[in-house]
Amino acid sequence: MYSFSPKLKSTSIILLVVGLVLFGIGFFMNKGISTEKIEQMMEAVHASGHTAPTHSSEMVGPQDHAAHLEHATLQVHNQPLASLHFVAVFFFGVSCAVLFFYCIQHAAHAGWPIIITRVMEAIASYIPWGGAILIILMIINITHNGHLFHWMDPELTDPESAHFDVILFEKKRFLNIPFYAIRTIIYVAGASFFAWKLKAQSKKVDETKSKVDYQMLYRWAVGYIAFFGFASAAWAWDWLMSIDPHWYSTMYIWYSMVSCLSSGIAVIILLSVYLKKNGFLPQFNDNHLHDLGVFLFATSMLWTYTWFAQFMLYWYANVPEEVNYFFGRFQHYAPTFLPMLIINFLLPLLVLVSSSIKRNYKVVTTMAVVVILGHILDYFNMVMPGTVGPYWKTPEVFLLILGAVLFIAGLFMFTVMTALSKLKLIPTGNPFLHESEIYEYPF
């Protein structure tokens with residue numbers, strides 16, 4: 001039985017508090033930015049030669065100075081909500097992806113990962129907490145207290161308005177506020193239900209050691225795989241891709257999901273090694289670490305494939321509304337957009353390609369941290385260009401992002417470790433437990 005150490009608990013609480021303080025400072029700094037200051041920032045961007053639209057919303061409606069200033073004001077004041085949004089979506093996606101990985105193992109009757117079953121269940125315990133944050137953000141947006149989603153402006157779908165956008169008018173059946181709110185609740189409630197049900201059924205298998213109960217665990221796992229397949233695609237459309245509603249990509253749902261899956265495996269590695277090194281999970285060995293390293297390597301390469309396929313096809317087609325998505329990132333996010341390939345592709349490729357290196361605890365855990373940070377940067381690149389635009393290289397944005405990351409990471413750590421302390425680490429009722437204990441990678 002794992003006991004949540006006071007030191008680790010204090011660390012998570014400190015992260016929570018420091019994150020809130022930093023985010024609060026950044027929030028009040030952002031609210032203190034005057035219209036004159038925003039106009040100076042806008043003129044500085046234009047003076048540098050960057051006058052082309054960076055977001056589809058700039059391609060419709062009036063194009064005079066007042067319209068540009070209004071748009072810049074919205075982007076600047078989007079900074080707090082955008083900073084919290086991309087971190088919240090990322091960590092919620094990571095916990096859901098870990099539960100997906102957990103269910104795949106059960107559906108495949110895989111023996112090797114049974115030792116880390118409780119680790120994955122603990123990580124999935126964050127789902128309702130992360131979902132609650134996303135519902136709060138949803139309420140802020142649909143009540144027009146936030147402006148992350150351009151399509152929520154009713155003037156854009158009013159044919160009599162000067163801001164009428166025919167593309168958004170055609171997408172109104174899907175992109176409308178009531179349906180968006182319903183879908184968000186379905187994602188959060190559905191994932192939370194499956195997290196609770198799978199944990200409860202797994203506990204029941206331990207108590208009864210019944211093959212019938214294990215068969216029910218298998219069936220619920222298959223059910224979550226189906227739910228996650230549809231829900232992860234739809235929340236990628238709603239929470240991420242609809243930020244730039246003129247643009248769409250058939251690769252995007254895979255791209256955003258694999259980013260969370262790779263990060264989720266990295267979190268499993270960190271937590272499993274932590275338990276191993278502190279004597280709580282001695283059954284976890286080099287062979288289990290090796291297989292997790294294989295999945296970390298494989299998902300990193302899969303992420304690279306989806307990134308390249310999406311980028312290459314859209315850039316090659318050279319359709320203005322599609323290229324505009326990448327154009328803004330090249331112009332204003334050059335320090336983060338392409339360099340993230342070094343973190344998310346090149347480093348995992350060079351370091352983890354060797355089979356023997358995947359048994360090295362220090363190397364694999366270091367790469368796990370690198371991958372998590374790299375994909376946080378990836379989600380930054382998904383959200384910030386379409387919400388904040390070129391106005392991100394400011395002190396308040398740094399404080400807001402750092403505060404959001406520390407706060408959500410602290411909440412994630414506290415929730416996961418608390419859940420882990422309430423679970424029996426070894427699933428003694430699982431029929432594949434012995435196979436996991438004696439598992440040895442054959443090569």
Under the ring pair (Phe, Tyr, Trp, His ring centres under 6.0 Å) rule, what do Tyr439 and His290 come out as? Steps first, then yes or no, please. CA-CA 11 Å; Tyr439 174 70; His290 176 275; 8.9 Å; no
Apply side-chain contact (heavy atoms from CB on, under 4.5 Å) to Phe297 and Val351, showing your working. CA-CA 9 Å; Phe297 176 77; Val351 175; over 6 Å; no
side-chain contact (heavy atoms from CB on, under 4.5 Å) between Trp254 and Gln310, intermediate numbers included: CA-CA 10 Å; Trp254 310 106; Gln310 178 176 270; over 6 Å; no
As a quick check of understanding, evaluate side-chain contact (heavy atoms from CB on, under 4.5 Å) for Ile115 and Glu437, giving each step before the final call. CA-CA 7 Å; Ile115 286 297; Glu437 289 175 329; 3.9 Å; yes
Begin with the C-alpha distance, continue with both residues' side-chain angles, and end with the deciding distance and a verdict on side-chain contact (heavy atoms from CB on, under 4.5 Å) for Leu240 and Trp235. CA-CA 7 Å; Leu240 299 170; Trp235 78 52; 5.7 Å; no
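Between Met41 and Thr394 there is a side-chain heavy-atom pair separated by less than 4.5 Å. Under the 4.5 Å side-chain criterion, counting only non-hydrogen atoms from C-beta, Tyr2 is in contact with Met417. Side-chain contact between Val397 and Met384 is present, with heavy atoms from C-beta onward closer than 4.5 Å. Using a 4.5 Å cut-off on side-chain heavy atoms (C-beta onward), Phe90 and Ile376 make contact. Side-chain contact between Val89 and Val383: absent, with no pair of heavy atoms (C-beta onward) separated by less than 4.5 Å. Between Asp213 and Glu207, the closest side-chain pair of non-hydrogen atoms is not below 4.5 Å.
With hydrogens and angles disregarded, no donor-acceptor distance shorter than 3.5 Å links the side chain of Ser262 to the backbone of Ser259. Side chain of Arg329 to backbone of Asn381: a donor-acceptor contact under 3.5 angstrom is found. Using a distance-only test at 3.5 Å, with no hydrogens or angles considered, no donor-acceptor pair links the side chain of His375 to the main chain of Val258. Listed for the Thr418 side chain is no donor-acceptor partner under 3.5 Å among the backbone atoms of Thr415. Of the possible donor and acceptor atoms, none in the side chain of Ser12 sits under 3.5 Å from a partner among the backbone N and O of Met413. A side-chain donor-acceptor contact under 3.5 Å links Thr143 to the backbone of Ile140. Between the side chain of Gln79 and the backbone N or O of Tyr391 there is at least one donor-acceptor pair closer than 3.5 Å.
In this pair, Phe149 and Trp151 present their aromatic rings tilted. The plane angle is within the 30 to 60° band. A tilted orientation is assigned to the rings of Tyr214 and Phe432, their planes being inclined by 30° to 60°. Using cut-offs of 30° and 60° for the angle between ring planes, the Trp307 and Phe337 rings count as tilted.
Legend: residues meeting side chain to side chain donor-acceptor pair (under 3.5 Å) with Lys199, ordered by chain and number and at least two apart, are Ser125. Residues satisfying the side chain to side chain donor-acceptor pair (under 3.5 Å) criterion with His147, sequence neighbours excluded, are absent altogether.
Between Tyr379 and Phe86, the ring center distance fails the sub-6.0 Å criterion. Side-chain rings of Tyr252 and Trp247 approach one another, their centers coming within less than 6.0 Å. Remark: aromatic rings of Phe308 and Phe345 are distant, center separation not under 6.0 Å. Outside the 6.0 Å centre-distance limit, the rings of Tyr180 and Trp237 are not counted as a close aromatic pair. Annotation: Trp392 is in aromatic contact with Phe380 [ring centroid separation under 6.0 Å]. The six-membered or imidazole ring of Phe194 lies near that of Phe227, with a centre-to-centre distance under 6.0 Å.
Contact record, Ala309 with Met251: CB-CE, 3.8 Å, taken as the closest heavy-atom pair. Heavy atoms only, all atoms of each residue included: Leu198 and Tyr224 are closest at CD1-CB, 4.2 Å. Nearest heavy-atom pair across Ile116 and Ser272 is CG2-OG, 3.4 Å. For Ser83 against Ile401, the heavy-atom pair with the smallest separation is OG-CG1, 3.6 Å. The minimum heavy-atom distance between Gly146 and Leu81, with the atom names listed, is CA-CD2, 3.6 Å.
Sorted by first then second residue, the salt bridge (Lys or Arg N to Asp or Glu O under 4.0 Å) pairs that include residues 112-124, not counting sequence neighbours, are Arg118-Glu121, Arg118-Asp206.
Thr387 and Asn78 form no side-chain donor-acceptor contact under 3.5 Å, judged by distance and modelled atom types alone. With 3.5 Å as the limit, one finds a donor-acceptor pair spanning the side chains of Asp378 and Trp303. Under 3.5 Å, the side chains of Tyr187 and Asp238 contain a donor-acceptor pair of N or O atoms.
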